[in-house]
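To keep things clear, I will list the structure first and then write my remarks on it.
For the numbers below, each heavy atom of this structure counts, side chains included, while hydrogens, waters and symmetry mates do not. Residue numbers begin at 1 in each chain, while the letters A, B, ... track the order of the sequences.
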Protein chains: 2
Amino acid sequence: MQRARIFRIESYLQHLTELREAGRGTVTSEELANRVGLSSSRVRQDLLSLKVEGKPRTGYKISDLEILLYSELDLLREKAMILVGCGNLGRALIFSGIWEHSGFSLKAVFDTNAQVVGSILNDHTVRHMRELHGVVRSESIAAACLTVPAAAAQDVANMLVNAGIRAIWNFAPVDLKLPTTIIVENQRLEQGLMTLSYAMKEIQHVASSH
Amino acid sequence: MQRARIFRIESYLQHLTELREAGRGTVTSEELANRVGLSSSRVRQDLLSLKVEGKPRTGYKISDLEILLYSELDLLREKAMILVGCGNLGRALIFSGIWEHSGFSLKAVFDTNAQVVGSILNDHTVRHMRELHGVVRSESIAAACLTVPAAAAQDVANMLVNAGIRAIWNFAPVDLKLPTTIIVENQRLEQGLMTLSYAMKEIQHVASSH
DNA sequence: TAGATTGTTAATCGATTAACAATC
DNA sequence: TAGATTGTTAATCGATTAACAATC
C-alpha cells in the first residue's frame, strides 16, 4: 500500500521538525519509531528505500533526513495553486499556516458571490470566477483547492480542468467525474467523524467485556 | 491494517447511498468493487466478515447492506458532541452537512472571543469556555471537535478531558498529549496537500519517462 | 576495546486475490 | 435448466518484523 508509506513519511517529517526545534542533531531509528508508533525495523526499511545513510551508535542526521523526506514528497519545489470558494472553509484555509512547507504557494482566490469578490483575505484580493481561465493560463497554475458547495463542485471542477489545472484538492463531498489524467485528492471531513464513531464503539466493547 | 478496512466501509456506504438514490435495490460485489476501485473478492471478504447475506445472480440488498455498515461504524446511535473554537474552520463545520449521518449530534459550541460569544451560528448560541465544564456534565457530552488555534489546542484539550470528554476530533496541527483512555482522531489538513504534491511528482515522472 | 545501532537479508504475518463448488 | 454470482477456502502477494553481521 503506497499510500500508507506516504503517510508514514509525513509523520516522520512532523516529528523530525519537532526534534530539530528541540535542538537535536541526530535521531536513532528506535526513537523515531517510538514517536510515530512504529517498529524501528519499519523505520529503517523506509529509510533504506530512500537511500539515506546513518551511523551506528549515533543514528541519522536530522537535517539530512528532513531534506530527503521533503524532496521525496517534492515539497521543496513550490507549485502554483489557486483556491475556489471563499466561504468559511475557504477562508479557514486561506488564513491557515498549511501553505508553508506543503509544496504549494497560494497565488489567487476566487468566488462568485458579489459581496465577497473584491474583498481582501490575507493579502489575496478575491477575484470573480470569470477571471479563472485567464489567471490559470497567465500564472501557470498547476493545482486548485476546491471549497465550493457540493452542488457546484462538479461544474467548477470542469472549469478548472478546461483552464488547464492538473490537480485538485477537493473538499466537496462529491465524487468528481474528471479525465483520468487529472489528479484528485479528496479531503473527506465526514470520514474523520465516522472513524471516531467506530473507535468509540470499540473502546466501549473493550470496557464492557470485563 | 484495521484502519484501511474502516475506510473501505466508509467508501462502500457512500456508493450504496448513491445507488439507492438512483433507485437501485440490489448491487453485486462486482459492481460495488468497480465503483470503489477494489476487486470483487475484496468486497466479498469484507461482507463475509460482517455476516451479510447476498443471493447468487442478484447480489446484495442495498438497504440490508446500508444498515449493517451503519451499525458496524455505530453511526445509528447518536453521540452528543460539542465544538470548541468558532473561527472560520469551526464555522465551516457548524454550517456543514457532515453531522447528518455521522453518528454525532452537535449540542453546543464554544469560544473565548467576546465578539463571538453570544452570537448565533446555525441555531447554536456560542457559549463562553467557562460554561464548558457544566455543559459537558449536564448534557453528557461524549466527544468534542477541536478547532482552536494550535497554540491553544493542548490547554483546551486538557479542559475537555477534565470535563469528562472521551473523544476528540482534533483539527489543530499539534500532537496532543492526553491520557491513553482518550480517543483522538487527528484531521491533518496539510497531509492532504503533501499527498497531492507527491502524486503530482509521480505523474510527472511517468510522463517524462517517455 | 565494547557495545549500541545501522544496513540488509530472511522469516513471519496479514491482507489480497484466485478459484470454484454451491445455489438461486 | 443454464448461467451468473455468492460464500469460502487455498494460493499469492506484499508489508512488517526478526535477526544479526558490519561498523562506528
Can you tell me how far [atom2] of [N] sits from [atom1] of [X], to the nearest Å?
X	N	atom1	atom2	result
L48(B)	dA15(C)	CG	P	14 Å
R5(B)	dT16(C)	CZ	P	11 Å
L47(A)	dT6(C)	CG	P	9 Å
R42(A)	dA11(C)	CZ	P	19 Å
Q2(B)	dA15(C)	CD	P	8 Å
D46(A)	dA15(D)	CG	C1'	10 Å
E30(B)	dA4(D)	CD	P	12 Å
L50(B)	dT6(D)	CG	P	15 Å

Check ion pair [X]-[Y] (N to O, under 4.0 angstrom):
X	Y	value
E10(A)	R188(B)	no
E66(B)	R24(B)	no
E185(A)	R3(A)	yes

For E190(A), all residues meeting salt bridge (charged side-chain N to carboxylate O under 4.0 Å, His left out), sequence neighbours excluded: none
Given dT6(D), dG7(C), dT16(C), which nucleotide is nearest the side-chain atoms of E53(A)?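 Nearest to the side-chain atoms of E53(A), counting from C-beta on, is dG7(C).
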Could you work out which one of dG7(D), dT6(D), dT6(C) sits closest to the side chain of Y60(A)? dT6(C)
Pairing string, 5' to 3', for DNA chain C - Watson-Crick or wobble contacts under 3.5 Å, brackets [ ] where pairs cross, | to another strand: ..||||||||||||||||||||||
Greater than 12 external heavy atoms within 6.0 Å of K51(A)'s NZ: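 Open.
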Please indicate whether E53(A) has more than 12 foreign heavy atoms, meaning atoms of other residues, nucleotides or ligands, lying under 6.0 Å from its CD.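 Result for CD/E53(A): open.
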Protein-proximity profile, nucleotides 18-24 of chain C, B/S/- by nucleotide at the 4.0 Å heavy-atom cutoff, equals BB---BB
Atom of I82(B), atom of L106(B) and distance for their closest heavy-atom approach: C-CD1, 3.9 Å
Taking all atoms of both residues into account, what is the closest heavy-atom pair of K79(A) and D74(A), and its distance? NZ-O, 2.7 Å
Look at all strands and tell whether S29(A) reaches a base, only sugar-phosphate, or nothing, counting heavy atoms closer than 4.0 Å. sugar-phosphate
In this structure, which one of V84(B), V116(B), N122(B), L83(B) forms a side chain to side chain contact (heavy atoms under 4.5 Å, CB included) with V109(B)? L83(B)
